[in-house]
Amino acid sequence: MKGYVGLLLSVALCCVSAQDQTASNRNPRIINGQNAGNTPYNAYVLYLNSANSGFFGGGSLISDRHVLTAAQNIAGFVRWEVGLGSTVFGQLNRQTSTQAVAHPSFNMANRANDIGFIVLSQPVVFTALISPITLPIQGRNLPYENEEGMVVGFGFNSVTGSINSDFLKVGYQRVISDSRCVGFYQITPPNHFCAEDTIQRSNVCNGDLGAGLIIPERRVDTLVGVASLITASCDSTTPTGYTRVSQYRQWIRDNTGV
C-alpha cells in the first residue's frame with residue numbers, strides 16, 4: 001500500500017495546487033515532530049477525485065461514523081480512504097468512503113469555513129486504539145490565547161523526502177493572539193486562530209492539513225482546531241492557522257448528531 005500511495009502522490013500533486021497559498025513547495029510532514037503515543041481519535045485521510053488523483057491529510061474521529069477534517073480535503077473530491085487505529089502507518093485499519101460534507105460556505109481562496117466531515121461506510125467499533133475525541137461544549141470559544149495544544153500526523157521523513165513516515169508524529173503548539181495571526185493569513189477571527197512552537201519549532205505541513213489541535217479542557221482531551229493554513233515552504237517559524245471548532249459546534253451537531 002505504501003508503494004501505491006507513493007506512486008499516486010507523485011503523479012497527482014498538480015491536482016491539489018490550491019492546498020497552500022503560494023503552492024511553491026510541498027513537504028507534507030510535521031516538522032521537528034516526535035513519535036506520538038496512542039492517539040485513538042487520529043485519522044489518516046487519502047482523498048481522490050474522479051480521475052483517481054489526489055493527496056492526503058489528517059482528520060479526527062468524532063463518532064463511530066464521522067471524521068472531522070478540513071473542507072479543502074473534501075471539496076472537489078469523490079472518494080476518501082480513512083486509516084484509523086495505529087501510530088504505525090503500515091498497520092492502519094482502512095476503509096473507503098464515498099460520502100463527505102464540506103461546510104456550505106467554504107471558500108478555497110481564503111479558507112473561510114474550512115471544516116467538514118467524512119461519513120464512514122461502516123461504523124467503527126471503539127477500542128483502546130480507536131475512539132472519538134471530545135468536541136467543545138457549546139458556547140465555549142476555545143482555545144484561549146497562550147493555551148498549548150497537540151497536533152499529530154503522518155508525513156515525509158525530511159523536506160526532500162518521498163516516503164511516508166512509518167510512525168505518527170506529534171508537535172506541541174501554543175495559541176497566539178489574533179492580531180499576530182491576521183498578519184500571516186487572510187482570516188477572520190474568531191473563525192480561525194493560529195498556534196506556534198517557538199521552542200522545538202514543530203509545525204504542520206500539507207500532508208497534515210485537516211488534523212486536529214487538541215487541548216486538555218478540564219482534564220479531558222478536546223478537539224479545538226482543524227489545521228487549515230500553512231506557508232508554502234512549511235517553515236518552522238510561521239504559525240499554523242486552524243479553523244476554530246467551537247465556532248461550528250452547532251453546524252456539526254445539526255449535520256452529524258454529535
Residue pair [X] / [Y], side-chain heavy-atom distance below 4.5 Å:
X: Cys194; Y: Arg180; answer: no
X: Ser246; Y: Val224; answer: no
X: Gln247; Y: Asn141; answer: yes
X: Ile214; Y: Val151; answer: no
X: Tyr47; Y: Thr69; answer: no

- Please say which of His103, Gln72, Met108 ends up in a side chain to side chain contact (heavy atoms under 4.5 Å, CB included) with Asp114.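 Only match with Asp114 under side chain to side chain contact (heavy atoms under 4.5 Å, CB included): Gln72.
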
field: Presence of salt bridge, Arg174 and Glu145, under 4.0 angstrom
entry: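 So Glu145 does not pair with Arg174 through a salt bridge.
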
_Within a 6.0 Å radius of atom CZ on Phe106, are there more than 12 heavy atoms belonging to other residues, nucleotides or ligands?_
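More than 12 within 6.0 Å, yes.
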
Checklist entry - Centroid-to-centroid, His192 to Tyr185, below 6.0 Å? => result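 No: the rings miss the under 6.0 Å criterion.
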
State yes or no: are the ring centers of Phe89 and Phe167 separated by less than 6.0 Å?
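Ring centres of Phe167 and Phe89 not closer than 6.0 Å.
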
Margin query: Measuring from atom OG1 of Thr237 to atom CZ of Phe184, what distance do you get when rounded to the nearest 0.5 angstrom?
Written below: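 CZ of Phe184 is found 7.5 Å from OG1 of Thr237.
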
Only pairs under 3.5 Å count here: list side-chain donor-acceptor contacts from residues 116-140, not counting sequence neighbours, and write none if there are none.
{"from": "Ser121", "atom 1": "OG", "to": "Gln95", "atom 2": "OE1", "distance (Å)": "2.8"}
{"from": "Ser121", "atom 1": "OG", "to": "Thr96", "atom 2": "O", "distance (Å)": "3.0"}
{"from": "Thr127", "atom 1": "OG1", "to": "Leu129", "atom 2": "N", "distance (Å)": "3.0"}
{"from": "Thr127", "atom 1": "OG1", "to": "Ile130", "atom 2": "N", "distance (Å)": "3.1"}
{"from": "Gln138", "atom 1": "OE1", "to": "Arg253", "atom 2": "NH1", "distance (Å)": "2.6"}
{"from": "Gln138", "atom 1": "NE2", "to": "Gln250", "atom 2": "OE1", "distance (Å)": "3.3"}
{"from": "Arg140", "atom 1": "NH1", "to": "Glu217", "atom 2": "OE2", "distance (Å)": "2.7"}
{"from": "Arg140", "atom 1": "NH2", "to": "Tyr144", "atom 2": "OH", "distance (Å)": "3.2"}
{"from": "Arg140", "atom 1": "NH2", "to": "Glu217", "atom 2": "OE2", "distance (Å)": "3.3"}

Gln173 and its side chain to side chain donor-acceptor pair (under 3.5 Å) partner, picked from Asp197, Asn203, Thr198: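 Among Asp197, Asn203, Thr198, the one meeting side chain to side chain donor-acceptor pair (under 3.5 Å) with Gln173 is Asn203.
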
